[in-house]
Amino acid sequence: MLPPTTPPADTSDLLARCQQIAGLSLGELATLAGIQIPPDFKRHKGWTGLLIETWLGASAGSKPTQDFPELGIELKTIPINATGEPLETTYACYAPLLIPPGTNWENCNVRNKLANVLWMPVEGERAIPVAQRRIAMPVLWTPTAQQDAALRQDWEEITEMIVLGEVERITARHGKVMQLRPKAADGSVLTDAFGPEGEKIKTRPRGFYLRKTFTGQILRDAFAN
DNA sequence: TCCTGATCATAA
DNA sequence: TTATGATCAGGA
């Protein structure tokens, strides 16, 4: 078995590829793809995501679009424990701090990113050697009306603060299901934002993240019944 | 123990 | 510099 060389033709093709790798270990998939296996993720934080991308035929690169543009689907690998609960929050997307006029929940990037997400849960407990961690069953998710409303509420609260020049007051405690946190190589990276008096300020770049309680519910719902 | 803020690697 | 892929790790 080798990784695909073309993008999936359609959604069922994509799901078929997921089924092919479900149950396999990261070590098996990496070896088959000719990819080196790191001892841990201290210096390889996105390794699992990139490995799964190659096995599903996602277009590489760091474009602010979905992983499967023609299918309108975003891929997210998510580390889980033995109970199937998320071990980490999920990065959604980069958060613009100079928000163009006319931006609203309906047309914002984060909603577009989360409209259709293919969740690929992967065993992530640090006690399990990287090579032995297995891929779980995929979950193709679209927010319910309730979930969309919850995301919208958090987005509007956070975005309003950004627009009002209060980005420095936003902490990870804001937002019931989605939060804003630093997203950069380190604390020295700065980008433009607005301050309280409408002046330009420099601040750490931020990203939107989904809380574990939220993603945990998505996974639980998918396997309920 | 868990969460927030910090951090690591890479591409264009 | 922006943006992708995320996980790390120490203080609350």
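Just so it is clear: chains get the letters A, B, ... in the order the sequence lines come, proteins before strands, and each one is counted from 1. This is a predicted model, so every value here is computed, not measured. What's counted below: heavy atoms across the whole structure, side chains too, no hydrogens, waters or symmetry copies.
Across all strands, A:P64 comes closer than 4.0 Å only to sugar-phosphate atoms, never to a base (heavy-atom distances).
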For residues 182-191 of chain A, tabulate all N or O donor-acceptor pairs below 3.5 Å that involve a side-chain atom, not counting sequence neighbours.
unit_1	atom_1	unit_2	atom_2	d
A:D186	OD1	A:S188	N	2.7
A:D186	OD1	A:S188	OG	2.5

Counting only pairs under 3.5 Å, give me each side-chain donor-acceptor contact of residues 101-108 of chain A, with atom names and distances, residues two or more places apart or in other chains.
unit_1	atom_1	unit_2	atom_2	d
A:T103	OG1	A:P100	O	2.6
A:N104	OD1	A:E106	N	3.1
A:N104	OD1	A:N107	N	2.9
A:N104	OD1	A:N107	ND2	3.3
A:W105	NE1	A:D148	OD1	3.3
A:W105	NE1	A:D148	OD2	3.3
A:E106	OE2	A:R152	NH2	2.4
A:N107	OD1	A:N104	N	2.8
A:N107	ND2	A:G102	O	3.0

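Looking at residues 200-213 of chain A, you'll see A:Y209 sit with a heavy atom under 4.0 Å from some atom of DNA chain C. Contacts between residues 101-120 of chain A and DNA chain B, defined by a heavy-atom separation below 4.0 Å, involve no residue at all. Contacts of residues 15-23 of chain A with DNA chain C (heavy atom under 4.0 Å): none.
By the side chain to side chain contact (heavy atoms under 4.5 Å, CB included) test, A:K45 is found to be paired with no residue, residues two or more places apart in sequence or in another chain being considered. Residues passing the side chain to side chain contact (heavy atoms under 4.5 Å, CB included) test with A:I37, sequence neighbours excluded: A:A30, A:T31, A:W47, A:V130, A:A131. Under the side chain to side chain donor-acceptor pair (under 3.5 Å) criterion, A:R220 pairs with A:Q217, not counting sequence neighbours.
When rounded to the nearest whole Å, the span between OH of A:Y94 and P of C:dT1 equals 10 Å.
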Polar pairs (N or O, both sides) under 3.5 Å between protein and nucleotides 8-12 of chain C?
unit_1	atom_1	unit_2	atom_2	d
C:dC8	OP2	A:R126	NE	3.0
C:dC8	OP2	A:R126	NH2	3.0
C:dC8	O4'	A:K45	NZ	3.4
C:dC8	N4	A:E88	OE1	3.3

Considering only nitrogen or oxygen atoms on both sides, find all protein atoms under 3.5 Å from nucleotides 10-12 of chain B and state each distance.
unit_1	atom_1	unit_2	atom_2	d
B:dA11	N3	A:S62	OG	3.3

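Identified under the side chain to side chain donor-acceptor pair (under 3.5 Å) test for residues 13-22 of chain A, with sequence neighbours left out: none. Within the structure, salt bridge (Lys or Arg N to Asp or Glu O under 4.0 Å) pairs that include any residue of residues 27-44 of chain A comprise A:D40-A:K42 (at least two apart or interchain).
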